[in-house]
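Comments concern the structure below.
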Number of protein chains: 2
Amino acid sequence: MKALIVDDDLVLADVVSFTLRRAGFQVITAHDGQAALDTWQAESPDLIILDLNLPKLDGLSVCQRIRQQTDTPIIILSVRGEDDDVVRGLELGADDYIAKPFSPRQLVARAQAVLRRAGITPTTGPLVVGELTLDLARRELHRSGHLLAQLTPLECRLMEVLMLNSGHVLPADTLITQVWGPSGGDRTMLKQLVHRLRAKIEPDPSTPAYLETVPGVGYALVRRPSA
Amino acid sequence: MKALIVDDDLVLADVVSFTLRRAGFQVITAHDGQAALDTWQAESPDLIILDLNLPKLDGLSVCQRIRQQTDTPIIILSVRGEDDDVVRGLELGADDYIAKPFSPRQLVARAQAVLRRAGITPTTGPLVVGELTLDLARRELHRSGHLLAQLTPLECRLMEVLMLNSGHVLPADTLITQVWGPSGGDRTMLKQLVHRLRAKIEPDPSTPAYLETVPGVGYALVRRPSA
DNA sequence: AAAAACTGTCACCACTTTGTCACCACCCTG
DNA sequence: CAGGGTGGTGACAAAGTGGTGACAGTTTTT
């Protein structure tokens, strides 16, 4: 999993680089807009982390140029007060943004979420929680070894997020961001998606056994020993 | 969850320490700027609570030095009249500030909010008093390990405040402010809320075993050895 | 090209939550 | 003993929240 970091602040670029390396990424860096485009073409990374404030070629332009040719996930780095630029970046096709200062954990989480949403699966093996197994590549959910349901792309993403945090309550907003990204999503859509997922995976959808509702907060996937 | 408290006022540091420990933090303290940096490097806490007025090394400098190397959340403690310093602190990368005097609940809430925003530990540990356990994420109250009641948001807030100060009598006005905020709330509403909470948690609501009334003052959660 | 699937949107229902009110019982003090 | 204050209790309505089904536009598959 290769990540390209574009930032003219050498210190910050180093921090980001270190963080991502520790999370298992292979990291390359560029410090101005032109170099970013060159490196991108030479290395074709899986993920780009892009500061907007760049010498030689503006970050937004870089974003635009890259989007014209590929769907490589882009995460924008912004400082407080550049909200307009963030919005324009997202409109130009960026996948997410992070406001400085950010925590390392935050960064890694966002990076993985974006990759997941783009269909690039960092986790090779299937996800297992209790008797449930999710095959991300095939989007198939198995229970005790045999096929329970064939999931749609969105259902699969939701299920993945829930399984990665099984046993913990995930706030509705968190789920929405994880599934639809920072600019899309809606409470009603989440309701619908949960409904559709339950219809597929719950033996009796009216009394959920796996996908639990926590009123006023969100949802949780129950983690049972083996039942 | 490890918190570093930096304050030269030993009494205040103790109060803060006590409050955060109650909320489930592991707490370490430093009493001057240099010690703060040393302790920070040695212990790498998840959260720093920083008074600006420090001997040996100014609080703002400490803030700056820490920000140069990590994104660990920093909350500034300020006294009234130091507004300029607060602004400079926030510019230097601090995440929030609290003006003295502050309420314990205020402090805990801010701390958790900052950590949440930084993407650290969305899971808050449960509150425990005697045989009662409150799971804040799920808003569930357990007695000796099994589910006693599912609380509503307001009931949960009230229960949280009572458990954080278990064994002490809390004046009605205090409770009202803590639950509904400084602008809302009402004696009648508190009566109602207590009533509804008792209906859920007391075996016999007419003779309260947990949520005791102190006429003319307020309410208290009795802290019993184990009964 | 036709059919099926996927997803966003809407309307509606049921239920919960919460603020408000009225009323009762009790405990003071004068 | 009367009366005011305080706390407990029940009822009720408004607002909010989650679940459900239907439907249309788009994309994907056949």
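All values derive from a computational prediction rather than experimental measurement.
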A:Thr152 side-chain N/O to C:dA5 phosphate OP1/OP2 under 4.0 Å: no
Integer-rounded Å distance: C:dG8 C1' and A:Leu193 CG: 11 Å
Exceeds 12 heavy-atom contacts within 6.0 angstrom, atom CZ of A:Arg138: no
Within 6.0 angstrom of A:Arg65 CZ, more than 12 heavy atoms from elsewhere: no
Sugar-phosphate only, base, or nothing, as touched by A:Leu154 at under 4.0 Å among non-hydrogen atoms: sugar-phosphate
Side-chain N,O (B:Trp180) to OP1/OP2 (C:dG19) below 4.0 Å: yes
Phosphate contact (C:dG8 OP1 or OP2) by A:Thr188 side-chain N/O below 4.0 Å: no
Side chain of B:Thr213 - closest among C:dT17, D:dG7, D:dG19: D:dG7
Phosphate OP1/OP2 of D:dT17: any A:Tyr219 side-chain N/O under 4.0 Å: no
Rounded distance (Å) that lies between atom P of D:dG18 and atom CZ of A:Arg196: 18 Å
Any donor-acceptor N/O pair under 3.5 Å between D:dG10 base and B:Gln192 side chain: yes
Gap between atoms CG and C1', on B:Leu151 and C:dT17 respectively (whole Å): 13 Å
Whole angstrom value for the distance that separates P of C:dC21 from NZ of B:Lys191: 12 Å
Proximity to the side chain of A:Met189 - top-ranked nucleotide from C:dG8, C:dC10, C:dT17: C:dG8
Donor + acceptor pair across side chains of A:Arg223, A:Tyr210 (<3.5 Å): no
Whole-Å distance separating the CG atom of A:Leu190 from the P atom of C:dT9: 14 Å
For atom NE2 of B:His195 and atom C1' of C:dC21, their distance in whole Å: 15 Å
Between P of D:dG18 and CG of A:Leu197, the distance in whole Å: 17 Å
Separation of D:dT20 P from A:Arg187 CZ (nearest whole Å): 18 Å
Crowding at OH, A:Tyr219 (>12 non-hydrogen neighbours, <6.0 Å): yes
Exercise: identify the closest heavy-atom pair between B:Glu202 and B:Ala209: OE1-N, 2.7 Å
